[in-house]
Amino acid sequence: MPLSSRPAAAALATASAVAAILIAAAPAQAAAVADTPTNLTTLAAPKSMTAANGRLFVSDGNAVAVLGTDGVTQKSVTGMFGARDVLASPSGDLVYVALSQASAIAVIDTDTLTEVARYTTGECPVHLAFAGSRLFYGAGCGQWDGTIGSVDAATGTDPRAVQTVSMYSAPLLDGAGNTLVAGVGGISSGPVYTYTVDGATVTELAQKDTDGYLARVSISPDGKKVATAAGSPYYLAQYEAATLTAAGSFDTGSYPADVAYSNNGTMIGGGVDSTYGPGGNIVAFDVLAGTQVLSGNAHPKAAYNRPAPVSGTLTWSADDARLYSILDDFTGRADQPHVYYLAKGFETIPAPAVTTTKLTLVQPAKAGAKVRATATVARHPGVTVRFVRTSPAGNLTVTAKTNSAGVATVTIPAPAGGTVTAYYDGDDSNKPSSAKATYKTITTTKVTVSGQYKTVKNVAYFRDKKNVLVTVAVSSPVPGRRITAVLQGKSGTKWRTLQTKSMTLNASGGYYIGLISANKGVQYRVVVKFAGDAYGKPSSGTGRAFIIR
């Protein structure tokens with residue numbers, strides 16, 4: 001009685017489914033673009049940073065985080081509601097903090113790291129600058145309500161308002177000597193204003209629209225030059241402070257987001273919010289020569305795009321030996337948090353250390369079970385491991401962080417056999433490494449007899465061989481999988497093989513088998529054997545006995 005076969009018309013298989021850039025003294029000529037060492041910080045929402053007394057002071061939500069130059073938070077000064085700009089005094093003994101939600105400026109002692117004074121201001125102070133003997137603040141709670149106010153820098157008394165045109169937002173500020181510069185962000189015209197300060201009297205010098213959505217302004221220490229960073233043009237623009245006529249530019253590529261003159265005025269630093277900038281995302285130029293003296297790709301993961309510098313955080317150390325900036329490593333996904341890093345430019349990056357990733361798999365113990373994968377990255381606690389499943393059922397990535405022993409374990413769905421690769425992507429100090437292992441699923445083979453029949457003592461009785469339909473289903477389906485179907489007839493108490501036929505299952509792991517001929521009154525059955533393959537272990541199944549009446 002030969003078997004006939006045809007692919008199953010439907011799926012029958014059972015399947016389971018920082019925070020800072022530090023740069024050493026500038027070299028004599030431009031350096032090639034190179035990766036910059038970075039360190040993770042615990043900052044949550046940085047807005048501004050200044051360097052004072054050997055530390056970094058960062059406005060971070062409703063607090064000021066005090067960081068060491070390794071990016072580690074030494075103290076958090078709380079009660080700083082709506083902390084925005086932080087500004088160090090010329091001597092470095094005090095740091096001033098604009099409290100946008102408290103209508104005040106807080107004063108922090110950089111030795112004791114405690115608040116020692118609080119100056120009353122108008123509503124929503126955001127940006128700060130010194131000019132003359134005054135401490136100026138740019139304020140604004142919404143659109144078209146930007147203003148400039150000031151208080152006596154030493155005492156916080158004698159509040160004054162600066163007469164200005166209507167400003168779209170709280171103006172960006174910087175000051176040097178008796179010159180104050182203000183720039184308005186959030187608007188395409190990007191207007192910039194310069195003023196001279198004489199006691200409490202402020203007189204406008206010049207005004208200019210710089211275009212391109214202004215991100216930051218800076219003034220040279222002698223008060224003679226003003227620089228801007230904006231989304232466009234793709235350079236740091238420089239102007240004469242007295243007239244705001246063009247006075248040179250420094251090419252950064254797209255998109256410059258921050259700018260700051262060094263304290264001695266010989267260099268100008270920039271932060272670039274782009275993965276494509278020709279000179280890196282943290283840069284510096286020689287002001288007189290116009291040459292680039294720092295080209296740094298500051299990013300925590302060499303294989304990933306550069307994180308963006310946080311506008312307003314670029315600041316030089318008091319001795320100009322270092323340039324700091326906070327870097328925001330953000331994927332753009334709402335379910336993933338912002339992560340902030342400390343980077344160190346102009347330093348020689350040590351050769352990355354070789355790492356070793358080992359992987360072990362616990363094979364699925366039953367059909368439909370998951371595979372358990374354990375990766376060990378020796379001496380690397382708290383790093384992310386990517387587990388990538390490659391399988392005929394499709395690819396899947398699961399991530400996990402290593403524990404204190406450098407071990408990460410995940411369970412991965414295994415609807416079909418395949419390969420798991422554990423990747424440690426490395427960082428600036430460590431080379432990436434990976435390990436691979438294969439797994440096989442436990443398969444089940446089911447043979448089902450169907451059609452119009454009558455059951456007597458667990459034997460199916462058919463009127464005609466055409467009514468007999470045997471369905472084969474092998475779990476963990478893989479396209480092209482082969483099975484062997486054996487037709488057996490019962491003789492006495494024994495089953496004897498009548499025909500053996502090899503068949504190719506469809507992508508769903510199913511097949512239909514019919515009869516070409518059959519003798520009446522003989523008891524038959526179909527046994528199906530799957531010998532196993534690279535993706536699944538062997539299994540077999542036996543259909544119920546049947547008779548053609």
Side-chain angles (χ1 to χ4, degrees), residues 45-49 59 84-85 98 100 124-129 136-148 164-175 180-195 206-219 225-239 241 244-261 268-283 285 305-315 325-328 330 332 338:
K47 298 294 184 184
S48 175
M49 180 166 63
S59 58
R84 294 298 301 272
D85 265 15
S100 63
C124 306
V126 176
H127 301 294
L128 299 177
F136 289 86
Y137 59 90
C141 303
Q143 294 182 358
W144 295 114
D145 66 353
T147 61
I148 301 176
T164 67
V165 298
S166 178
M167 294 184 173
Y168 178 79
S169 60
L172 305 157
L173 298 180
D174 199 12
L180 176 72
V181 59
V184 182
I187 189 170
S188 61
S189 56
V192 173
Y193 307 84
T194 54
Y195 305 87
Q207 183 274 330
K208 182 181 181 64
D209 287 347
T210 61
D211 304 326
Y213 292 95
L214 196 63
R216 204 68 182 174
V217 296
S218 182
I219 192 167
K225 296 288 192 298
V226 168
T228 62
S232 174
Y234 296 161
Y235 54 78
L236 305 177
Q238 183 172 253
Y239 306 94
L244 288 178
T245 55
S249 62
F250 307 91
D251 182 24
T252 60
S254 58
Y255 301 93
D258 214 345
V259 62
Y261 284 99
I268 187 170
V272 185
D273 183 7
S274 172
T275 61
Y276 307 107
N281 57 350
I282 301 296
V283 299
F285 300 85
N305 291 337
R306 303 172 193 157
V310 178
S311 180
T313 63
L314 200 71
T315 186
S325 180
I326 295 174
L327 305 174
D328 182 0
F330 180 49
H338 294 255

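The figures here come from the full heavy-atom set of this structure, side chains too, leaving out hydrogens, waters and symmetry mates. Note that the coordinates shown come from a computational prediction; the quantities given were computed from them, not determined experimentally.
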Chemist: Taking the side chain as C-beta and beyond, is there a heavy-atom pair between Tyr168 and Gln143 under 4.5 Å?
Modeler: yes

Chemist: Looking only at heavy atoms, which two atoms of Gly138 and Ala170 are closest? And how far apart?
Modeler: O-CB, 3.9 Å

Chemist: Give, for atom CG of Leu314 and atom CE of Met49, the distance between the pair rounded to the nearest 0.5 Å.
Modeler: 8.0 Å

Chemist: Would you say Asn281's side chain and Pro307's backbone share a donor-acceptor pair under 3.5 angstrom?
Modeler: yes

Chemist: Partners of Asp211 by side chain to side chain contact (heavy atoms under 4.5 Å, CB included), sequence neighbours excluded?
Modeler: Asp209

Chemist: Does Ala257 offer a backbone N or O that forms a donor-acceptor pair with the side chain of Ser311 under 3.5 Å?
Modeler: yes

Chemist: Kindly indicate whether the side chain of Gln207, heavy atoms from C-beta on, has any atom under 4.5 Å from the side chain of Pro191.
Modeler: yes

Chemist: Residues two or more places apart in sequence or in another chain: which of them pass side chain to side chain contact (heavy atoms under 4.5 Å, CB included) with Ala308?
Modeler: Asp273

Chemist: Considering only heavy atoms from C-beta outward, does the side chain of Ile282 approach that of Leu327 to under 4.5 Å?
Modeler: yes

Chemist: Please name all residues satisfying salt bridge (Lys or Arg N to Asp or Glu O under 4.0 Å) with Asp85, sequence neighbours left out, ordered by chain then number.
Modeler: Arg216

Chemist: Could you pull out all residues at least two apart from Ser166 that satisfy side chain to side chain contact (heavy atoms under 4.5 Å, CB included)?
Modeler: Trp144

Chemist: How long is the span from the CD1 atom in Ile187 to the CE atom in Met167, to the nearest 0.5 Å?
Modeler: 11.0 Å

Chemist: Report the distance from atom CG of Leu173 to atom OH of Tyr195, rounding to the nearest 0.5 Å.
Modeler: 9.0 Å

Chemist: Suppose we screen for side chain to side chain contact (heavy atoms under 4.5 Å, CB included). Which residues come up paired with Ser169, at least two apart in sequence or across chains?
Modeler: Val184

Chemist: Is it the case that atom OH in Tyr255 sees more than 12 heavy atoms from other parts of the structure closer than 6.0 Å?
Modeler: no

Chemist: Is it the case that the side chain of Thr194 and the backbone of Ala206 share a donor-acceptor pair, with hydrogens and angles ignored and the cut-off at 3.5 Å?
Modeler: yes

Chemist: Is there side-chain contact between Val259 and Ile268, with heavy atoms separated by less than 4.5 Å?
Modeler: yes

Chemist: Side-chain contact test, heavy atoms from C-beta onward, threshold under 4.5 Å: evaluate it for Tyr193 versus Ile148 and give yes or no.
Modeler: no

Chemist: Rounded at 0.5 Å granularity, tell me how far OG in Ser100 sits from OH in Tyr137.
Modeler: 13.5 Å

Chemist: So, taking the atom named CZ in Phe136 and the one named CG in Leu128, what distance separates them when rounded to the nearest 0.5 Å?
Modeler: 12.0 Å

Chemist: Any sub-3.5 Å donor-acceptor pair from Ser48's side-chain atoms to Ser59's backbone N or O?
Modeler: no

Chemist: By side chain to side chain donor-acceptor pair (under 3.5 Å), which residues pair with Asp145, not counting sequence neighbours?
Modeler: none

Chemist: Just to verify, what does Tyr239 make a ring-ring contact (aromatic ring centres under 6.0 Å, His included) with, not counting sequence neighbours?
Modeler: none

Chemist: State, yes or no, whether a side-chain contact exists between Val181 and Val192 at a heavy-atom distance under 4.5 Å.
Modeler: yes

Chemist: Pairs of donor and acceptor atoms involving the side chains of residues 230-238, under 3.5 Å and at least two apart or interchain, shall be tabulated with distances.
Modeler:
residue, atom, partner, partner atom, Å
Gln238, OE1, Tyr261, OH, 2.7
Gln238, NE2, Ala247, O, 2.8

Chemist: If you look at every heavy atom in Ile326 and Thr313, which pair is closest and at what distance?
Modeler: N-OG1, 3.0 Å

Chemist: Which heavy atom of Ala98 sits nearest a heavy atom of Pro125, and at what distance?
Modeler: CB-O, 3.7 Å

